[in-house]
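Below: the structure, in structure tokens.
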Amino acid sequence: WSRNTAGLAVGTYVDTITVSAGGVASQRVIDTLQITAAPVALTLSVSPGNRSATAQIGTSAPSDNAVVTLAGDNASSTNWWATKKKSWTTLTTGSGTGSGTVTWSRNTAGLAAGTYVDTITVSAGGVASRTVLDTLQITAAPVAPSIDVKPKGRKVRELRATGSAHSFEVSRDSVIVDGNAPAGLSSAWTATASGSRLGVLTSSGLLGGYLVWQRQAAGAAPGLYIDSVTVRLASATELTAVFVDTLEVVVVDLPSAGVAVDELVRGGRLTADQRQLLDRDGNRNGVFDLGDFLAWVDRNGIRLSPLEVARLQAIPMTQPKP
């Protein structure tokens, strides 16, 4: 006989075949047909296929996981295992039997701000591996708002010859305004000066720009004058920076022509202030030389003695001689 399985569901089917002949007892054959389920191939899936986390630099990142699903014949007894590629990832549950969960932690120690990507691969015997793309975003630490001036102060010496009103009555100066604005807010600043001796030329600007002012020395008597410029962050007005401006007005007694000639010939006869003042009103090359001397005597109508002229002519210098 033959057996036709068409349309038969999974199960056990029993039939009885009876064989008979005249004058004898019939005989039976019990025929049993077992219909089994079709084999189901083993499959592996991991969900989700992407994980991500964000942590501020210097702080810890959360752990994460993905569900491992095995289906098909022998799924419950099939082993699986996971691997990772990067050093900042640690597998805390990296293997199992049957469906389960792969888990991992992220170590942010030593990681600079940026994006870090690792691939976690889950494998099981006889089936294709599956991966989870893990992205770790390290963000920079928030910067506290601040404002600063560089440098924080400056001292200017104003030299003035005795009996002379000549001076740098107005001089200009500047500093850089630096700092950090509150997140998402303006980096604008404003500046005000104390007293009337300083005049602010750039009363506002942006961080990284220059604060410019002019210094008024007209009519100032000999002495020390201390003023300041206060810079305030417009988006955080409680934050200020102060630049201290110090002006020292010094009256200098100028030497006689003979002492000045001695300075040119031998040196050591003038004070540092005298040399600086004569150079400032002369050729301004940073030293007191014959050019400064000639400008001084010409400007003040000083008459030199024949001996002084002779001494000057003997100086082995390249400057013009009187």
Keeping to residues at least two apart or across chains, list the ring-ring contact (aromatic ring centres under 6.0 Å, His included) pairs with something in residues 247-292. none

Inter- and intrachain pairs under salt bridge (Lys or Arg N to Asp or Glu O under 4.0 Å), touching residues 241-251, at least two apart: K155-E248, R157-E248, R197-D245, R215-D245

What residues, two or more places apart in sequence or in another chain, satisfy side-chain contact (heavy atoms from CB on, under 4.5 Å) together with S52? T135

If the condition is side-chain contact (heavy atoms from CB on, under 4.5 Å), which residues does S63 pass it with, not counting sequence neighbours? S105

What closest approach, in Å, do A113 and I57 show between heavy atoms, and which atom pair accounts for it? N-CD1, 3.9 Å

So which atom in A295 and which in G282 form the shortest heavy-atom distance, rounded to 0.1 Å? CB-CA, 4.2 Å

Looking at every heavy atom in both A124 and T78, which two are closest together, and how far apart are they? CB-CG2, 4.3 Å

4.5 Å side-chain heavy-atom contact, V117 and D134: no

So which residues get pulled into W1's cluster when ILVMFWY side chains under 4.5 Å apart are joined, directly or through others? I17, V29

Suppose we screen for salt bridge (charged side-chain N to carboxylate O under 4.0 Å, His left out). Which residues come up paired with E263, at least two apart in sequence or across chains? R275

Taking all atoms of both residues into account, what is the closest heavy-atom pair of R303 and E308, and its distance? O-OE1, 4.4 Å

With N180, which residues qualify under side-chain contact (heavy atoms from CB on, under 4.5 Å), at least two apart? V143, S146

Only pairs at least two apart or in different chains count here, so list each ring-ring contact (aromatic ring centres under 6.0 Å, His included) that has a residue in residues 36-73. none

Least distance between heavy atoms, N65 atom then P48 atom: O-CD, 4.5 Å

According to ring-ring contact (aromatic ring centres under 6.0 Å, His included), who are the partners of W104, at least two apart in sequence or on a separate chain? none

Heavy-atom nearest pair, T202 first then V212, reads OG1-N, 2.7 Å

Which residues pass the side-chain contact (heavy atoms from CB on, under 4.5 Å) test with S187, not counting sequence neighbours? A181, L206, L207

Residues in side-chain hydrogen bond (donor to acceptor under 3.5 Å, both in side chains) contact with R232, at least two apart in sequence or another chain: none

Taken in chain and number order and not counting sequence neighbours, the residues that satisfy side-chain hydrogen bond (donor to acceptor under 3.5 Å, both in side chains) with R266 are none

